[in-house]
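Data block below; observations after.
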Amino acid sequence: MSFDGVKHVWMSGKMVAWNSASVHVSSHSLHLGSGVFEAIRCYDTAGGPALFRLDAHLDRLFRSATVHGMRIPFTTEDLVRATCATVAANEFIECYTRILCYYGSGSLGVYPRHCPVEVAILAWPMGAYLGDSAMKCGIRSTISSWVKFHSRMMPTTAKASGQYVNSMLAVREAIERGYDEAILLDADGN
């Protein structure tokens, strides 16, 4: 994955040059992982670039935000337009997009009551998830020594930033052991 060719990022209502997009070091989400996101592929079609099931992804984004008590300051329609605009501003016909909603700077208490909800939309070129050779030759995966967290620990139905630390640790372990991917099981081995 590379960000080559990315020119613009949409940030809370404004298209921003890639090199100027930034988040303050006191952002609540940077310190405490308080964010939700969606990742949507955009495919080259006969009718032009098409975002795969964008409405369903945005529905899940808003459900994830609700579970975490986060009020996204934009409507679904706003985010549809912004995602399409981000793809167009970068002149991509096929890419990967990510919508990230996070708490900005305001306080660093555990409860982000004084932190504004910020929204960023990125788009970048991306091929097959684990590379073209994986599509042709397959991959090697392993069961991770890390355990998937239980639904009573945090809402597993939400796609939240902090929850992906578990997956990141598992994949890093797999790669360090010579595998391409990790499989996380729950405490019962499922």
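L122 and L30 sit in two unconnected hydrophobic clusters of ILVMFWY residues. Membership requires side-chain heavy atoms under 4.5 Å apart, directly or through other members. Residues I143 and L184 are members of separate hydrophobic clusters, defined by side-chain heavy-atom contacts under 4.5 angstrom among Ile, Leu, Val, Met, Phe, Trp and Tyr. Tracing side-chain contacts under 4.5 Å through hydrophobic residues (I, L, V, M, F, W, Y), one never reaches L185 starting from V171; they form parts of separate clusters. In the hydrophobic clustering of ILVMFWY residues, with side-chain heavy atoms under 4.5 Å counting as a link, L100 and F74 come out together.
Of the inter-residue distances, the one linking C101 atom SG with R71 atom CZ reads 13.5 Å to the nearest 0.5 angstrom. Rounded to the nearest 0.5 angstrom, T76 OG1 and R81 CZ are separated by 10.5 Å. Expressed to the nearest 0.5 Å, how far CD1 of I40 lies from CZ of R53 amounts to 11.5 Å. Atoms CE and CZ, on M126 and R98 in that order, are 8.5 Å from each other to the nearest 0.5 Å.
Between I93 and Y43, every side-chain heavy-atom pair lies at or beyond the 4.5 Å cut-off. Counting only heavy atoms from C-beta outward, the side chains of R41 and Y96 approach each other to under 4.5 Å. In this structure the side chain of H57 reaches within 4.5 angstrom of the side chain of F52, judged on heavy atoms. When side chains are defined from C-beta on, T86 counts as touching M15, because their heavy atoms get closer than 4.5 Å. Looking only at side-chain heavy atoms (C-beta outward), T83 and I99 come within less than 4.5 Å of each other. Using a 4.5 Å heavy-atom threshold, the side chains of F62 and I72 count as touching. With a 4.5 Å cut-off on side-chain heavy atoms, C115 and S105 do not count as touching. Contact annotation: the side chain of L51 approaches that of C84 to within less than 4.5 Å [non-hydrogen atoms, C-beta and beyond].
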Using side chain to side chain contact (heavy atoms under 4.5 Å, CB included), reason through W10 and L79 one step at a time and then give a plain yes or no.
CA-CA 10 Å; W10 188 90; L79 295 182; 4.2 Å; yes
Going through the checks in order, is the side chain to side chain contact (heavy atoms under 4.5 Å, CB included) test met by S144 and I183?
CA-CA 6 Å; S144 177; I183 299 168; over 6 Å; no
Under the criterion side chain to side chain contact (heavy atoms under 4.5 Å, CB included), I'd like the reasoning laid out for L58 against V80: C-alpha separation, chi angles, the key distance, then a yes or no.
CA-CA 8 Å; L58 289 173; V80 165; 3.4 Å; yes
Set out, in order, the CA-CA distance, both residues' side-chain angles and the distance that settles side chain to side chain contact (heavy atoms under 4.5 Å, CB included) for N90 and C95, then state yes or no.
CA-CA 10 Å; N90 285 291; C95 62; over 6 Å; no
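Closest heavy-atom contact between A21 and M11: CB-SD, 3.5 Å. Here the closest non-hydrogen pair linking Y103 and G69 is OH-O, 3.5 Å. Shown here for Y102 and V119, the closest heavy-atom pair between the two residues is CE2-N, 4.4 Å. Scanning both residues, M70 and V36, for their nearest heavy atoms gives SD-CG2, 4.0 Å. What you find for S26 and H24 is that their closest heavy atoms are OG-ND1, 2.8 Å. Listed here is the closest heavy atom pair of A174 and A182: CB-CB, 3.8 Å.
Panel note: side chain D59, backbone A56; no donor-acceptor pair is recorded below 3.5 Å. In this structure, H28 contributes its side chain and G109 its backbone to a donor-acceptor pair below 3.5 Å. With T97 contributing its side chain and A123 its backbone, the two residues share no donor-acceptor pair below 3.5 Å. In this structure, the side chain of S27 does not engage the main chain of V23 through any donor-acceptor pair within 3.5 Å.
Between S34 and S29, the side chains place a donor N or O and an acceptor N or O closer than 3.5 Å (distance only, hydrogens not considered).
R60 and E38 are joined by a salt bridge, as a carboxylate oxygen and a charged side-chain nitrogen come within less than 4.0 angstrom of each other.
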